[in-house]
There are 2 protein chains.
Amino acid sequence: MAGVKNNRRVQYTKQVIKQSFLKILEEKDISKVSVKEICELADVNRGTFYLHYQDSNDLFNQIEDELIASVMPILQIEGEGFIHVWLSKLIHLLNENRTVSRIILTDYQNSRLVKNVFAEVQNMAMRDFSKDFKENDPRILNFYFVFFVQGSIGTILEWLKDDAGVSEQELTDALTKVLERISILGLKHV
Amino acid sequence: MAGVKNNRRVQYTKQVIKQSFLKILEEKDISKVSVKEICELADVNRGTFYLHYQDSNDLFNQIEDELIASVMPILQIEGEGFIHVWLSKLIHLLNENRTVSRIILTDYQNSRLVKNVFAEVQNMAMRDFSKDFKENDPRILNFYFVFFVQGSIGTILEWLKDDAGVSEQELTDALTKVLERISILGLKHV
DNA sequence: GGATGAAATCAACATGGTGTTGATAATTTC
DNA sequence: GAAATTATCAACACCATGTTGATTTCATCC
């Protein structure tokens, strides 16, 4: 029973495809990247691509999955001042995967990453909003939450696109400060 | 000198094309709409389309231009409690052009509409942020502003996608309340 | 180190959208 | 009704897609 599935060869091929894709994405909008282009840069036959991925969308989803997998552990952090720690680690990770993160956050509407991250804090946030805004209507509360989520994502995204010389630390502090100002999450100490 | 440019015929053709495009956009992602499809629904020859527009992107830009033209007068409003009036009118207008607005706000990164709207308030906001957050670094201040813009856009967008039974009035009030809470724009009375 | 089977290559194909062109027909306006 | 503009039509070359079948390459196990 030689000739085993998921060879080193497969691993290599997949990795070359991913790297080539990401390289192209650094300079080109994702909607304009063709499978042909990816394969040419990766020096892989186009048929080989379709052997592993349905299309370029499928490829990107797999890349997103990997990022999600590395983000999930962060979400488990708890305890005193956890929001600051949490944000700090999240921002660091996204920054390390800037190209992918930028695309994911730009299309946050359909992002599973974003859904995962914020599902984690939604309940807690809603409870605090309820107190702070003296608002009981869950329909309205939900829009407050959306404001907070979109504000955070948008800020991080903007920073990923151009940090303007602002460090991870500075961004984390600033974001924490705004969130504190909206006074959600009962965050009193940062 | 008969046979004048920009006939009724031209006007009709352009309008049919726009309407068909918007109709398709209600049910389909913009990146998947082909020129062929638009022309078939509009019952217009594909060559005719290219007579008026470079491509489907160009078509969408022209539609966005029209929306921008109708939004600009709103930005001129001033005086006591203007933010509330301002938001109220803006939200109403976007809601009346939901399909276009949704697409524009989803791609707010490249949206000229968004740029126009927020360029109008940026200076004022930055000044107030500076006071409220006791922050002088313009790099950091800018990220505060981004948070506020993205939060607002994201909230309106979410509402456009699914109002959850929330009225224009309720959304306007809620948004004003959050902005007040971040205590920007010196907004004390709503 | 040779056999084995998985994976990659290659060429070819049908499909479908793109953007353009040149001749012809229809329509608007005067 | 004449003149100018606009729309139609058919045809074209072009390019990316996704699939197929035959063939070669290669990693792994014994």
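Throughout, protein chains are lettered first and strands after them, A, B, ... in sequence-line order, and every chain is numbered starting at 1.
- A salt bridge between A:K18 and A:E66 is present, with a side-chain N of the basic residue lying under 4.0 Å from a carboxylate O of the acidic one.
- For A:Y53 and D:dG18, the OH to P distance is 15 Å, given to the nearest whole Å.
- Ring-centre distance between A:F148 and A:Y144: not below the 6.0 Å cut-off.
- Remark: A:D163 does not engage B:R139 in a salt bridge, criterion side-chain N to carboxylate O under 4.0 Å.
- At the phosphate of C:dT29, OP1 or OP2 sits under 4.0 Å from a side-chain N or O atom of B:R8.
- At the phosphate of D:dA7, OP1 or OP2 sits under 4.0 Å from a side-chain N or O atom of B:H52.
- Counting distance only, with no hydrogens placed and no angle test, the side-chain atoms of A:R9 and the base atoms of C:dA7 include a donor-acceptor pair under 3.5 Å.
- As rounded to whole Å, 14 Å separates atom P of C:dT18 from atom CG of B:D58.
- Distance CD (A:Q54) to C1' (D:dT19): 13 Å, rounded to an integer number of Å.
- At the heavy-atom level, A:S34 lies under 4.0 Å from the strands shown only through sugar-phosphate atoms.
- Distance from the side chain of A:T48 is smallest for C:dA8 among the nucleotides C:dA8, D:dG18, D:dT8.
- Atom NZ in B:K36 sits roughly 21 Å away from atom P in D:dC14 (whole-Å rounding).
- Rounded to whole Å, atom P of D:dG18 lies 9 Å from atom CZ of A:R46.
- Proximity of A:T13 to the phosphate of C:dA8: a side-chain N or O atom is located under 4.0 Å from OP1 or OP2.
- Following rounding to the nearest Å, B:Q11 (CD) and C:dT29 (P) show an atom-to-atom distance of 10 Å.
- Separating the CG atom of B:D55 from the C1' atom of C:dT18 is a distance of 10 Å, rounded to the nearest angstrom.
- Ring centroids of A:Y53 and A:F49 are separated by less than 6.0 Å, placing the two rings close together.
- We find that A:R98 and A:E26 are not joined by a salt bridge, their nearest charged nitrogen and carboxylate oxygen being 4.0 Å or further apart.
- Atom-to-atom, CZ of B:F49 to P of D:dT8 comes out at 13 Å; the value is rounded to the nearest Å.
- Of all nucleotides listed (C:dT9, C:dG19, D:dT6), D:dT6 comes nearest to the side chain of B:L51.
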